[in-house]
**Student:** 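Dropping the structure in here first, questions after.
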Amino acid sequence: MNDLPDPHDEFGPLGRPLFEDPSARALSRVGVVDVGSNSVRMVVFDGAARSPAYFFNEKIMCGLGQGLAETNRLNSRGRERALAALKRFALLARGMKVTPMMVVATAAVREAEDGPEFQAEVLRETGLRLWVIDGDEEARLSAQGVLLGWPDARGIVCDIGGNSMELARIGDGKVGRRVTSPLGPFRLQQVKGTPKERQAHISGIIKGLKETIQPDHDRIYLVGGSWRVIARLDMERRGYPLTVLHEYRMMPRSLMETLDWIAAGDLAALRVRTGTSPERMELVPLAVEVLRELIRIFRPKEIDVSSYGIREGLLYEQMPPRLRARDPLIEAARMAEATSARSPGFGKKLHQFLSPLFKNAPPERQRLIRAACLLHDTTWRAHPDYRAEMCFDNATRANLGGLDHPGRVFLGLALLHRYKNSRSGSRLEPLFRLLSEEQILEAEVLGKAMRFGSMFSIEDPSTAGSLKFMPKKKILELTLTPEGAALYGEVAQARFKSLAAALHATPQVKTSG
């Protein structure tokens with residue numbers, strides 16, 4: 001009897017659907033193991049389904065696919081290390097009561113002649129069933145991972161592993177054409193000839209990929225460890241102040257300069273500067289050659305980094321359309337408020353109270369305002385001297401989807417001003433340069449508005465009063481209810497005046513009734 005997974009199993013590697021109710025928002029812990037050509041990683045998701053939190057994340061650089069192109073077999077040492085890692089992961093999952101466990105294997109296991117034997121060994125030794133996916137499915141799942149964090153993403157997803165590189169078109173929340181190729185660094189290590197001949201080999205394959213995929217947009221989303229190392233090195237060369245890789249954006253000309261810098265640099269020194277593992281850095285020079293040709297042939301206008309890939313794509317696979325349509329940033333903010341705020345639900349009331357100040361803000365700014373209101377009280381347990389900076393750190397460095405780097409800094413700065421009037425002299429000042437002066441002032445206004453509204457009333461500020469902003473007349477008007485008149489004490493008065501000053505408006509207070 002064959003104990004290996006049936007590739008035609010209607011539920012695939014996930015087992016029965018995780019989200020049987022289309023209105024589902026949260027899920028219990030769900031474990032995903034990705035058995036790749038270079039690494040074996042276990043991730044346990046926890047919390048909000050649309051924007052999952054990473055409860056556990058561990059990676060072992062096994063090199064399972066090293067030498068595969070030459071021997072057609074899994075690397076013997078890599079196989080031992082991968083099996084040991086999977087034994088550990090199975091025990092950890094049991095201890096965390098993680099069900100179901102999704103275990104997906106990609107290029108190395110699917111291409112090696114001893115791949116089925118390894119599957120059987122893993123099942124026998126660990127109880128884990130390896131779901132071996134083909135290149136087309138790998139491309140699709142990686143692309144869905146990008147869509148999990150970037151619902152509006154449009155362009156080409158490029159996922160590089162040890163033995164393969166996959167491309168997929170995405171747009172309108174859907175995955176389109178996709179294709180796989182043998183352009184993983186382990187494969188390229190086996191290509192004979194001079195560097196120039198290897199370049200011709202890479203170039204020929206990428207030209208074929210472009211013809212097949214037929215890109216209809218000028219943006220490339222990079223997925224995979226080798227790409228992330230290159231992006232981190234790009235940050236290092238540029239002196240970029242925020243080392244969050246997700247949604248890091250690079251322009252082709254600047255990135256080409258970085259590729260030249262890496263090729264001419266001391267890899268050992270660069271590895272130390274960026275904290276990259278030796279196993280990962282060893283593959284970077286070949287990944288640099290691939291990326292150079294990818295840029296030259298596809299001619300993108302922008303290259304973005306996605307920290308989400310196959311693992312997140314597996315989760316996205318199970319989400320009903322209603323859940324996929326939700327904003328990942330707002331969902332994450334809602335979950336943070338529900339688990340960390342003193343008064344969960346107040347963020348929505350605060351947003352409604354402050355909305356007259358921002359009625360002309362564009363949609364992208366509106367969602368940041370909404371997220372800020374949901375997050376405004378989630379660090380209240382921190383020491384008062386550090387709350388402002390902790391708010392900023394949480395927003396800029398948290399694992400949030402649907403949020404680019406300027407958006408992170410805007411959100412962080414608004415939350416900083418929620419607790420602190422002044423930002424001068426802050427250790428965070430280098431990050432402010434990701435915003436324009438106008439954006440910095442807008443974040444200050446939002447922060448001071450939350451600073452006032454959050455303490456104006458404990459239950460609902462709209463029961464205490466209402467705001468009206470007249471930008472042409474430069475008047476900020478507060479109309480107090482009888483209850484609000486009693487609540488409008490000295491601290492509230494000072495904060496209202498500070499908000500008016502940030503708006504360059506004259507404060508006016510009147511009483512209704």
Side-chain angles (χ1 to χ4, degrees), residues 39 41 43 51 53-54 57-59 61 145-146 149-150 160 220-252 254-262 265-281 283-284 287-288 291 302-309 311-312 328-329 332 368 375 379 386 388-416 423 426-436 439-440 443:
S39 65
R41 184 191 292 265
V43 174
S51 186
Y54 292 78
N57 191 343
E58 182 173 307
K59 172 185 67 180
M61 301 297 290
V146 172
W150 248 310
I160 194 168
I220 291 178
Y221 300 87
L222 299 179
V223 175
S226 293
W227 295 151
R228 289 194 295 273
V229 173
I230 291 173
R232 180 65 185 84
L233 289 166
D234 185 71
M235 291 176 170
E236 186 74 14
R237 183 186 72 84
R238 294 175 56 200
Y240 191 77
L242 181 61
T243 54
V244 173
L245 288 168
H246 189 62
E247 293 211 30
Y248 177 57
R249 298 182 176 180
M250 300 172 284
M251 297 299 108
S254 175
L255 180 52
M256 286 293 240
E257 291 175 2
T258 295
L259 298 182
D260 291 340
W261 178 73
I262 295 171
D266 180 343
L267 289 183
L270 293 176
R271 183 183 72 76
V272 172
R273 284 169 64 177
T274 56
T276 305
S277 70
E279 296 91 344
R280 183 70 79 187
M281 187 60 82
L283 304 182
V284 166
V288 163
L291 187 53
E302 182 176 302
I303 302 103
D304 298 348
V305 179
S306 172
S307 294
Y308 296 172
R311 295 171 293 276
E312 292 75 16
L329 171 62
L368 291 178
L375 294 170
T379 57
Y386 295 99
E389 291 196 350
M390 184 172 286
C391 275
F392 189 96
D393 281 338
N394 283 351
T396 54
R397 305 180 196 283
N399 188 38
L400 297 171
L403 189 62
D404 62 16
H405 285 198
R408 285 177 180 271
V409 177
F410 180 91
L411 190 57
L413 188 54
L415 291 167
L416 181 150
R423 60 182 172 275
S426 170
R427 65 175 176 83
L428 306 165
E429 281 188 5
L431 291 169
F432 300 165
R433 68 180 173 89
L434 297 185
L435 301 179
S436 67
Q439 291 169 328
I440 289 173

**Student:** Can you label the angle between the Trp150 ring and the Tyr221 ring as parallel, tilted or perpendicular, going by 30° and 60°?
**Tutor:**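 The rings of Trp150 and Tyr221 stand perpendicular, inter-plane angle above 60°.
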
**Student:** After noting the C-alpha distance and the side-chain angles of Glu247 and Ser307, does the key distance pass the side-chain contact (heavy atoms from CB on, under 4.5 Å) rule?
**Tutor:** CA-CA 8 Å; Glu247 293 211 30; Ser307 294; over 6 Å; no

**Student:** Say you draw a straight line from CE of Met251 to CD of Glu257; how long is it, rounded to the nearest 0.5 Å?
**Tutor:** 13.0 Å

**Student:** If you compare all heavy atoms of Gly149 against all heavy atoms of Pro328, which two are closest, and at what distance to 0.1 Å?
**Tutor:** O-CG, 4.1 Å

**Student:** Less than 4.5 Å apart, any side-chain heavy atom of Leu270 and any of Asp266?
**Tutor:** no

**Student:** Can you confirm whether Leu428 sits close enough to Val409 that some side-chain heavy atom of one is under 4.5 Å from a side-chain heavy atom of the other?
**Tutor:**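 Contact flag for Leu428/Val409 side chains = no.
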
**Student:** Does the side-chain contact (heavy atoms from CB on, under 4.5 Å) test come out yes or no for Leu283 and Val229, once each step is laid out?
**Tutor:** CA-CA 10 Å; Leu283 304 182; Val229 173; over 6 Å; no

**Student:** Donor-acceptor check, side chain of Arg408 to backbone of Ala398, threshold 3.5 angstrom: yes or no?
**Tutor:**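 Yes; at least one donor-acceptor contact below 3.5 Å.
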
**Student:** Compare every heavy atom of Ser254 with every heavy atom of Arg238, then report the nearest pair and how far apart it is.
**Tutor:**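 Looks like CD-OG, 3.9 Å.
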
**Student:** Considering non-hydrogen atoms only, spot the tightest contact between Cys391 and Leu416 and give its length.
**Tutor:** CB-N, 4.4 Å

**Student:** Under a 3.5 Å distance rule, please check whether Glu312 uses its side chain to pair with a backbone N or O of Gly309 as donor and acceptor.
**Tutor:**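 Confirmed, Glu312 side chain pairs with Gly309 backbone.
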
**Student:** Report, as yes or no, whether the 6.0 Å neighbourhood of atom OH on Tyr54 holds more than 12 heavy atoms from other residues, nucleotides or ligands.
**Tutor:** yes

**Student:** When you measure from the side chain of His246 to the backbone of Ser306, do you find a donor-acceptor pair of N or O atoms at a distance under 3.5 Å?
**Tutor:** no

**Student:** Minimum heavy-atom separation for Pro241 to Arg433, with atom names?
**Tutor:**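 Looking at all heavy atoms of both residues, the shortest contact is CD-NH2, 3.1 Å.
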
**Student:** Please determine if Arg41 and Glu58 form a salt bridge, counting it only when a charged side-chain N lies under 4.0 Å from a carboxylate O.
**Tutor:** no

**Student:** After noting the C-alpha distance and the side-chain angles of Arg228 and Asp234, does the key distance pass the salt bridge (Lys or Arg N to Asp or Glu O under 4.0 Å) rule?
**Tutor:** CA-CA 10 Å; Arg228 289 194 295 273; Asp234 185 71; over 6 Å; no

**Student:** Which atoms form the tightest heavy-atom contact between Ala332 and Leu400, and what is the distance?
**Tutor:** CB-CD2, 3.6 Å

**Student:** Does Leu245 offer a backbone N or O that forms a donor-acceptor pair with the side chain of His405 under 3.5 Å?
**Tutor:** no

**Student:** Can you tell me how far the CG atom of Asn394 sits from the CG atom of Leu375, to the nearest 0.5 Å?
**Tutor:** 8.5 Å

**Student:** Would you mind telling me which of Ile262, Thr276, Leu233 makes a side-chain contact (heavy atoms from CB on, under 4.5 Å) with Leu267?
**Tutor:**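 Testing Leu267 for a side-chain contact (heavy atoms from CB on, under 4.5 Å) against Ile262, Thr276, Leu233 leaves exactly one candidate, Ile262.
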
**Student:** If you draw a 6.0 Å radius around CE in Met390, do more than 12 non-hydrogen atoms from other residues or ligands fall strictly inside?
**Tutor:** no

**Student:** Locate the shortest heavy-atom distance separating Val244 from Thr396; write the atom from each residue and the value.
**Tutor:**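 Residues Val244 and Thr396, closest heavy atoms: CG2-O, 3.3 Å.
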
**Student:** Using side-chain contact (heavy atoms from CB on, under 4.5 Å), reason through Ile160 and Leu291 one step at a time and then give a plain yes or no.
**Tutor:** CA-CA 10 Å; Ile160 194 168; Leu291 187 53; over 6 Å; no

**Student:** Rounded to the nearest 0.5 Å, what separates atom CE in Met235 from atom CD1 in Ile230?
**Tutor:** 13.0 Å

**Student:** Can a side-chain donor-acceptor contact be found between Thr274 and Arg232 if the only test is distance below 3.5 angstrom?
**Tutor:**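 Thr274 and Arg232 do not have a side-chain donor-acceptor pair below 3.5 Å.
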
**Student:** Atom CZ in Phe432, atom CZ in Phe392: separation rounded to 0.5 Å?
**Tutor:**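 If we round to the nearest 0.5 Å, Phe432:CZ and Phe392:CZ are 5.0 Å apart.
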
**Student:** Out of curiosity, Leu368 CG to Phe410 CZ, how far, rounded to the nearest 0.5 Å?
**Tutor:**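 Interatomic distance, Leu368 CG to Phe410 CZ, rounded to 0.5 Å: 6.0 Å.
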
**Student:** As a quick check of understanding, evaluate salt bridge (Lys or Arg N to Asp or Glu O under 4.0 Å) for Arg423 and Glu429, giving each step before the final call.
**Tutor:** CA-CA 8 Å; Arg423 60 182 172 275; Glu429 281 188 5; over 6 Å; no

**Student:** Under the criterion side-chain contact (heavy atoms from CB on, under 4.5 Å), I'd like the reasoning laid out for Tyr240 against Leu242: C-alpha separation, chi angles, the key distance, then a yes or no.
**Tutor:** CA-CA 6 Å; Tyr240 191 77; Leu242 181 61; 4.0 Å; yes

**Student:** Are Leu222 and Met250 close enough that some pair of their side-chain heavy atoms sits under 4.5 Å apart?
**Tutor:**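 The answer is yes; the side chains approach within 4.5 Å.
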
**Student:** Between atom OH of Tyr248 and atom CG of Asp304, what is the distance when rounded to the nearest 0.5 Å?
**Tutor:** 11.0 Å

